[in-house]
Structures are given as structure tokens and as C-alpha cells.
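See below for the structure under consideration.
One is the number of the first residue; the rest follow in order along the sequence. This is a predicted model, so every value here is computed, not measured.
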Amino acid sequence: MRKNGSGCISRVLTGIIVSICLAGNADAQKKITSVIDNKGSIKKVLDSASSLLDSAHNGLHLKDNSKVSLGGALIETTVINTSSNEDTKGNVLEISIGKHDGDSMRITGLKSGKLETDSIVVVNGGTGRLGYVEVSQLVQSGEYTDTIRNAIQPYTFDPVGFPKTVSKLWVYRNGAKLSAGDYFTNDAGKIGLSLEMGKLISPGDIINIQWVK
């Protein structure tokens, strides 16, 4: 075995000269070693002692101290963008679910939402593209009941979740159906009793409103 002035160590093995050149100073801290085989080709290899990883975090974990694998707790806010400001086109982030029995995608621990403010996630069955639909665009029905506590006009009701436009609307007083226009009006989501109906109202009367968007 001999070392030349360039830092390469050569050794003759059964008639074949194998040279190992260390990049920079030869010490245990170097991770990459250049190797020259018997054909004169230069190859780079990782030193086995220095290739071990000692940590992984933020959604990753170590396997056998050398492999970084998905899975783990996020320890900081993490955002994955499908494109950057420098990109000239959009990119697709795709999670492909296999066709084997049991292949699935699950999201657990979701918090409860509110129909008044949230939207519904929808998927295109052909492309798998995700989108959302506002709750206000969905067919909805609802019901509201209130009890008249005094005979002071005007009588206006603003039911929670009542849409500004409806396809069907029914208003009842003490179980009797009221006719629209004559006894009540719908002003962009607010139900008001007419003056004529107001004259008939008494404390304790029950007003019931039902609708279909």
C-alpha cells in the first residue's frame, strides 16, 4: 500500500491496482469517498459510518437509523404549495388510493363545522379533483317556531339559517296556514306579518315557519 502526493492510496490486489482518493483531508468526518476502479472510472460512495441519520422531525421518522419515512407528529405549521410565484403553470398534488381491498384514505379527529358558515367538499368522480360547494347552493329545508309574548307591532321574524331565496315557504299561526301577501311577506330572508294579521295577533300565539330552499 502506498500514498502518493495527490492524497490517493493505492494497493495491488491480485494484479489489479485499486486507488482510493479522499476528497480534502482524510478524516472520519468525510461523508463522500471517491473510488477509482480497475478500469479507471471514478465513483463516489458514502462512508458507511457517516451515512447514519440521527434525527427526523415534523411528520417524518427514522427507520433503522438510515431511512427517512413518512409518519409522525407535526411540530410546526406546515404548508405544501402546488406552485410558487416563479412557476408559469399550476401543478397537481395527487394522492392515489390503490384498488386492493382495504385501501382507503382516512382523516380522523375533524372538528364539527357549521352549515351557516362552512362549505361542503365535493369530488369529481372522473378526475378525482376536489372542490367545494357553498351550503347556500344546496337544497335545504328548515323550520322555526316562536311564541308571541306581547301584542306590540311590527311582527318580524329572522330564523337562523333561513335563506334569502326559497322555493317553498309556509307560515302558520296556531296551526292555521297563512296566505302569502295577505298575511305575511318575505323580505330577503325576514318574515313579517302584515298589518291585517297583526290586528289578530294575541300574546301566546304560536308562529311556525317552514321552508325549502
[atom2] on [Y] to [atom1] on [X], rounded to 0.5 Å:
X: Y132; Y: I120; atom1: OH; atom2: CD1; result: 12.5 Å
X: W211; Y: N186; atom1: CH2; atom2: CG; result: 10.5 Å
X: Y144; Y: F162; atom1: OH; atom2: CZ; result: 11.5 Å

Checklist line | Derivation of the side-chain contact (heavy atoms from CB on, under 4.5 Å) call for L193 and T156 | finding: CA-CA 7 Å; L193 300 182; T156 302; over 6 Å; no
Please name the pair of heavy atoms, one in [X] and one in [Y], separated by the smallest distance, quoted to 0.1 Å.
X: S83; Y: K89; value: CB-O, 4.1 Å
X: L62; Y: A56; value: CG-CB, 4.0 Å
X: G189; Y: P159; value: O-CD, 4.2 Å
X: K63; Y: S69; value: CB-OG, 4.0 Å

Notebook entry, point to check: Does anything in residues 170-183 pair up under side-chain hydrogen bond (donor to acceptor under 3.5 Å, both in side chains), and if so which pairs, sequence neighbours excluded?
Noted result: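 Counting only pairs at least two positions apart or across chains, the side-chain hydrogen bond (donor to acceptor under 3.5 Å, both in side chains) contacts touching residues 170-183 are R173-D205, N174-D205, S179-D182.
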Is there a side-chain contact between [X] and [Y], using heavy atoms and a 4.5 Å cut-off?
X: V122; Y: L130; result: no
X: I207; Y: I209; result: yes
X: N208; Y: E143; result: yes

Checklist line | ILVMFWY network linking I206 to I201, side-chain heavy atoms under 4.5 angstrom | finding: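 No, I206 does not connect to I201 through the hydrophobic network.
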Margin query: Would a single hydrophobic cluster contain both L200 and V171, if residues Ile, Leu, Val, Met, Phe, Trp and Tyr are joined by side-chain heavy-atom contacts under 4.5 Å?
Written below: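 In one cluster with V171: L200, yes.
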Counting neighbours of [atom1] on [X] that are heavy atoms of other residues, nucleotides or ligands and sit closer than 6.0 Å, is the number greater than 12?
X: D187; atom1: CG; answer: no
X: L70; atom1: CG; answer: no
X: L110; atom1: CG; answer: yes

Between [X] (side chain only) and [Y] (backbone N and O only), is there a donor and an acceptor less than 3.5 Å apart?
X: H61; Y: G71; answer: yes
X: N124; Y: G126; answer: yes
X: N91; Y: T82; answer: yes
X: T78; Y: E76; answer: yes
X: R149; Y: T147; answer: yes
X: S167; Y: V212; answer: yes

Next item on the list: Just do the side-chain contact (heavy atoms from CB on, under 4.5 Å) check on R129 and V123 with the steps written out, would you?
Entry: CA-CA 6 Å; R129 184 178 182 274; V123 59; over 6 Å; no
